[in-house]
Each structure stands twice: as C-alpha cells, then as structure tokens.
> 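The structure's right below; bear with me while I get my questions together.
Atoms within a ligand are numbered from 1 in the order they appear, just like the ligands themselves. Note that this is a predicted model, so its numbers are computed, not measured. Heavy-atom basis, side chains included; hydrogens, waters and symmetry copies ignored.
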Amino acid sequence: MEKPLVIVPGGLNTDIIGLGIDRLLAPGELTLGGELRIGPGGKARNMAQMAAAYLGKDTVAMIGRSSRDPFGLWEVPMRALEEAGVDTTNVKILDFAESGHTYPGIALIPVDKAGKNQIYVLPGVNADFCAADVDAAVSLFKARERKRILLMALEIPLETVRFCLDKAGTHGIPVILDPGGIDAPIDELLGERIFLLKPNEHEAAVMTGLSISGFDSAAAAADRLLERGVRNVLITHGSRGAYFFNDTARLHIPCPEVPDSGTHDETGCGDQVTALVAAAVAEGRRITEAVRLAVLAGTLQFHRAGIQPVTRAELEPYV
Ligand code: RIB
C-alpha cells in the first residue's frame with residue numbers, strides 16, 4: 001500500500017531559547033542566568049518533523065519559505081526537516097537580497113526552571129508565504145493514490161491559511177488545525193472541512209469566550225466549536241492532559257506517568273500532540289486511539305529541551 005502523505009504548509013523558525021532562567025520577566029526587568037540553545041522551530045515545521053519522526057521518511061511534505069540570512073540561521077530548521085526525511089522540495093529558500101534582506105522566522109523563547117515559557121515570534125519571510133507558493137505544490141494535493149491529511153498552524157498570513165483550506169476542500173483532504181498563538185476568534189476558518197481542531201485552553205477561550213478550568217468548561221467550549229461544524233475537538237490543558245469531544249465521545253485524557261528526565265520545557269508540547277494525532281490518523285488509527293497516543297507523545301516532549309520529536313519506537317513501551 002502507498003505510504004500516507006501529511007501535507008504541512010506553514011512557517012519555519014529558528015528558535016533562540018534561554019533554558020532554565022530563574023523566572024519569566026515583567027516589562028523592564030532583567031534576570032541573569034540560563035543556558036542558550038539554538039534549534040529548529042515554527043509550529044508548522046515542528047509538526048512536520050514530528051509527524052515524520054513517527055511515520056518515517058517520505059510521508060510528510062512541507063510547503064513554506066525561508067531566506068539565506070548571513071548568519072546561517074535558516075539552515076537550522078531546514079537541516080532538521082531533511083534529517084527527518086521530510087520532503088522540502090516545496091520550501092522556497094530565497095537569497096537574502098531577493099527577500100529584501102528579510103530574515104527567516106525567528107522565535108525568542110525564555111523558559112523558566114519549571115518549564116514555563118514565553119514565545120516571541122518574529123515572522124520574517126514567513127509573512128510573505130502566499131497562495132502562489134501553495135499553488136506551486138499542487139501535485140501534493142492531487143496525490144489521490146495516497147491517504148492525505150492537511151496539517152496546519154497559523155503563523156502565516158490568514159489569507160494563505162484560507163487558501164490552503166480551500167485547496168484541501170477541493171481535493172477532498174481532511175484538515176487538522178492547530179490554532180496556536182491566536183489572540184482573536186477565527187470563525188471564518190472553522191466548519192466541516194476541519195476534521196480536528198487542537199487548541200490549548202487559552203486558545204479555546206479566545207475562540208469561544210469561555211474560560212477553561214477543567215473538563216466541564218472544556219466540554220462547553222468544545223460544544224460551541226462542534227456546533228460550528230468542526231468534527232473533532234481536542235483541547236490540551238498543560239499538566240492536566242487533554243479533553244476530547246466529537247458527536248459520540250467525551251473524554252478526559254490525563255498525562256500518563258513517564259520518567260522525569262530532569263529537563264522541563266513546555267515548548268513544542270502542543271505541536272507534538274497535534275502532529276501525532278495527524279500521523280496516527282494518517283496511518284489509519286481510530287481517532288480516540290490517536291488522541292491518547294498524542295497526549296502520551298506531548299507528555300514525553302515536556303521532558304526535552306526545545307524541539308526533539310518523539311519517535312514511534314519511544315512510544316511503543318507505553319502502548
Ligand atoms: O510551539 C512552539 C513553537 O512556537 C516554537 O518552535 C516557535 O518557533 C513558535 O513557532
């Protein structure tokens with residue numbers, strides 16, 4: 001049987017991480033300490049690498065933009081994708097001058113000792129990612145012989161997101177959407193074409209106006225999203241795990257017990273969850289099985305510094 005194909009249009013970042021700082025600061029404050037890590041990032045790009053770490057090589061294709069900046073920062077996310085076996089043919093790398101001296105996407109991420117972070121995304125050339133870039137990759141959408149999933153985050157222009165969703169609709173491809181980082185509702189993007197929506201508790205509150213404190217409030221928020229046509233809703237809630245809802249299932253999935261590596265970093269945990277749902281659905285697992293596996297993967301990711309995708313082999317001892 002043909003391998004599945006997870007199509008991931010979106011942003012690529014280089015993450016500049018300050019790990020193990022004393023505390024997250026208020027405006028105007030300064031703190032001394034912590035350790036620098038530079039690694040691959042970008043929610044969409046992270047999810048592409050994470051899906052490939054589970055599904056294997058030649059199963060994931062990324063569509064995006066970067067620019068050859070003079071410090072070589074662009075190479076970090078590209079190298080990680082290539083090592084994971086993600087098809088990067090449709091990631092357009094512009095010369096720095098051609099990009100108008102625009103830098104690749106950069107994220108500045110302080111992480112405190114408990115693993116809590118702040119993320120400042122400087123979009124750079126991701127802000128120029130456009131419909132024409134997606135059109136240039138239309139052969140991916142047309143690959144009918146493969147089981148296709150469109151996996152999306154929102155760190156690119158909204159009109160490009162809309163274009164991708166329309167294209168998925170035209171080609172009958174289910175969409176998994178991670179609305180990471182939204183600060184306003186995204187009603188125009190929701191509807192039946194969304195197979196699964198994966199907000200965290202903050203994003204679910206932004207989308208519904210309901211604050212999430214546990215299962216009951218998550219259920220109320222999820223009902224509002226399901227009413228808008230979304231077929232499955234998975235709301236992640238930090239150390240409490242996640243809540244899953246569709247027209248037949250209503251589940252609380254706590255974080256499973258995993259060994260404590262001593263490192264705590266919430267960066268990329270949500271991406272890991274969404275990527276694993278997409279990968280597990282792409283390989284034919286039932287959705288309730290996929291979301292449980294995804295919460296396990298997100299929990300393992302919490303014990304790693306920066307983006308270090310969880311592999312299929314690492315999940316096996318737990319299932
Ligand atoms: O979800 C974590 C990601 O958000 C980071 O990798 C950063 O680049 C931002 O996109």
> Hey, does G268 sit under 4.0 Å from ligand 1 if you only count heavy atoms?
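Right, G268 reaches ligand 1.
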> Looking at ligand 1, does G42 have a heavy atom less than 4.0 Å from it?
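Right, G42 reaches ligand 1.
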> Return the closest protein heavy atom for atom 4 (O) of ligand 1 as residue, atom name and distance.
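Ranking protein heavy atoms by distance from atom 4 (O) of ligand 1, first comes K43 NZ, 3.2 Å.
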> Is R231 salt-bridged to D247, going by a charged N under 4.0 Å from an acidic O?
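Answer for the salt bridge query: no.
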> Do I7 and M62 share a hydrophobic cluster, counting only Ile, Leu, Val, Met, Phe, Trp and Tyr and linking them when any side-chain heavy atoms are less than 4.5 Å apart?
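I7 does not cluster with M62.
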> Taking only heavy atoms of N13 into account, list the atoms of ligand 1 that are under 4.0 Å away from them.
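Once the distances to N13 are compared, the set is 7 (C), 8 (O), 9 (C), 10 (O).
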> Near E155, which atoms of ligand 1 are under 4.0 Å from a heavy atom of that residue?
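Numbered from 1, ligand 1 contributes 4 (O), 9 (C), 10 (O).
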> Do the side chains of K57 and E82 get close enough for a salt bridge, i.e. N-O under 4.0 angstrom?
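Not counted as a salt bridge, because no side-chain N and carboxylate O are separated by less than 4.0 Å.
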> Give a yes or no on whether a salt bridge exists between R304 and D265, defined as a side-chain N under 4.0 angstrom from a carboxylate O.
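Not counted as a salt bridge, because no side-chain N and carboxylate O are separated by less than 4.0 Å.
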> Of the options V8, V310, I307, which is the one that meets M50 in a side-chain contact (heavy atoms from CB on, under 4.5 Å)?
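Among the candidates, only I307 passes.
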> Under 3.5 Å between some N or O of ligand 1 and some N or O of A107?
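Among all N and O atoms of A107, none is under 3.5 Å from an N or O of ligand 1.
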> Of all the atoms in ligand 1, which lie at a distance below 4.0 Å from a heavy atom belonging to G41?
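It comes down to these atoms of ligand 1: 6 (O), 8 (O).
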> Would you call K43 and D178 a salt bridge, using N to O less than 4.0 angstrom?
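Here K43 does not pair with D178 in a salt bridge, since their nearest N and O are not under 4.0 Å apart.
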> Any idea which atoms of ligand 1 are less than 4.0 Å away from a heavy-atom of D271?
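Going through ligand 1 atom by atom, the ones under 4.0 Å from D271 are 1 (O), 2 (C), 3 (C).
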> Would H237 and N200 count as having a side-chain donor-acceptor pair, cut-off 3.5 Å?
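H237 vs N200: no donor-acceptor pair found between side chains.
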> Does any N or O atom in D15 lie less than 3.5 angstrom from one in ligand 1, N or O only?
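Among all N and O atoms of D15, at least one is under 3.5 Å from an N or O of ligand 1.
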